[in-house]
Amino acid sequence: VCTYTALVYGFCRENLWSEAFQCLNKMKADGCNPNVRTYTTIIKFLCNHGKVDESLCILEHMKMSGCCPDLVTYNIVLRELCLQDKLVQICELFRVMNKEGLSPDPYSHAALAGGMLKRGKAKIAIAVLVDIISRGCSVDTVLYNIYFHTLCCLNRSREALSMVMSMVELGFKPTNVSYNTILKGICTEENIYNAMELFGHFDRLRDGPDLVSFNTILSTACKQRHHNMICRILFQMEYNGFGLDVVSYTCLVQYYCSIGNFPQCLKFLKSMLSDGLSPT
RNA sequence: GACGGAAGUCCUUGC
């Protein structure tokens with residue numbers, strides 16, 4: 001079963017749908033019944049391509065075959081439904097989950113709040129998150145990160161920052177994502193200088209900034225055309241042993257192009273290619 | 001039967 005599932009995964013990854021389904025049928029013919037993970041693999045790829053109706057069909061199909069979806073399966077479908085803002089089907093899914101004795105976990109709640117956030121419904125997202133937390137549901141780091149992100153979207157980055165700080169005192173372990181989220185918030189809501197100051201504290205806060213942290217301030221510096229700042233950041237990156245990636249190069253190329261410095265623009269394009277990176 | 005393992009789920013940066 002593991003082998004077949006891996007095969008199904010491979011077909012899905014290469015967008016070879018018919019092969020994936022053939023594989024599914026072949027398994028059954030071989031007397032090797034697909035299990036939850038096999039079905040979930042297919043459902044996930046369907047969802048990732050926005051084919052949520054098809055994934056609901058598979059969901060029905062697996063139930064008919066006597067294979068019960070678990071929380072992981074439902075969370076994947078839920079996530080896509082939330083991204084597409086299909087309210088009626090979201091409610092229906094929660095109802096079914098409840099009926100089958102599955103209670104939402106932090107992944108489910110992350111799907112819900114994260115989906116709304118991506119749809120630009122930060123106000124609703126924050127209300128949902130506050131409700132989840134106040135109901136005493138378990139909240140993991142990712143869900144907190146979504147909470148911080150939501151606060152930042154509502155121009156409440158400082159609040160998010162002080163919240164992280166006080167939570168650290170209580171033993172909460174933030175991740176790079178937590179800090180990078182707030183760093184981005186400070187960049188857009190305040191200014192690059194305040195962001196740089198926060199950035200400077202990163203070293204002591206945890207293992208130090210990562211490439212995303214650097215890209216966050218680099219993109220801000222580029223957008224605001226702070227030439228000195230860009231140089232400082234590039235120097236810092238080199239000093240800390242971070243190579244530029246596609247995101248960094250894109251920022252720089254756009255910047256130099258926008259100020260009409262085409263030689264620099266070309267220089268970065270060339271070094272990007274020589275780094276083995278291709279423009280997306 | 002218990003525990004563990006596994007092929008499936010989340011969040012941040014450019015366009």
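Within every chain, numbering begins at 1; the chains are lettered A, B, ... in the order of the sequence lines, protein sequences first and strands thereafter. Scope of the values below: all heavy atoms of this structure, side chains included, with no hydrogens, waters or symmetry mates.
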- Query: Aromatic ring centroids of A:Phe11 and A:Phe21 under 6.0 Å?
  - Reply: no
- Using a heavy-atom cut-off of under 4.0 Å over every strand shown, decide if A:Thr40 touches base, sugar-phosphate, or nothing. base
- Query: Is A:Asp245 touching bases, backbone alone, or none of the nucleic acid, heavy atoms closer than 4.0 Å?
  - Reply: nothing
- Message: Taking the side chain as everything from C-beta on, heavy atoms only, tell me whether A:Glu19 gets closer than 4.5 Å to A:Leu7.
- Response: no
- Quick one: how far along RNA chain B does chain A reach, first to last nucleotide 5' to 3', anything under 4.0 Å to a heavy atom? B:A6 to B:C15
- Task: Compute the centroid of each ring, for A:Tyr193 and then for A:His226, and state whether the two points are separated by less than 6.0 Å.
- Result: yes
- Task: Please work out if A:Thr216 contacts a base, only the sugar-phosphate, or nothing of the nucleic acid, heavy-atom cut-off 4.0 Å.
- Result: sugar-phosphate
- What does A:Ser178 touch in the nucleic acid at a heavy-atom separation under 4.0 angstrom: a base, only the sugar-phosphate, or nothing? nothing
- Message: I'd like to check A:Phe214 versus A:Ser248 (side-chain heavy atoms, cut-off strictly below 4.5 Å). Are they in contact?
- Response: no
- Query: Does any donor atom in the side chain of A:Asn180 or A:Asp210 lie under 3.5 Å from an acceptor atom in the other side chain?
  - Reply: yes
- Message: Please enumerate all residues that pass salt bridge (charged side-chain N to carboxylate O under 4.0 Å, His left out) together with A:Glu197, with sequence neighbours excluded.
- Response: none
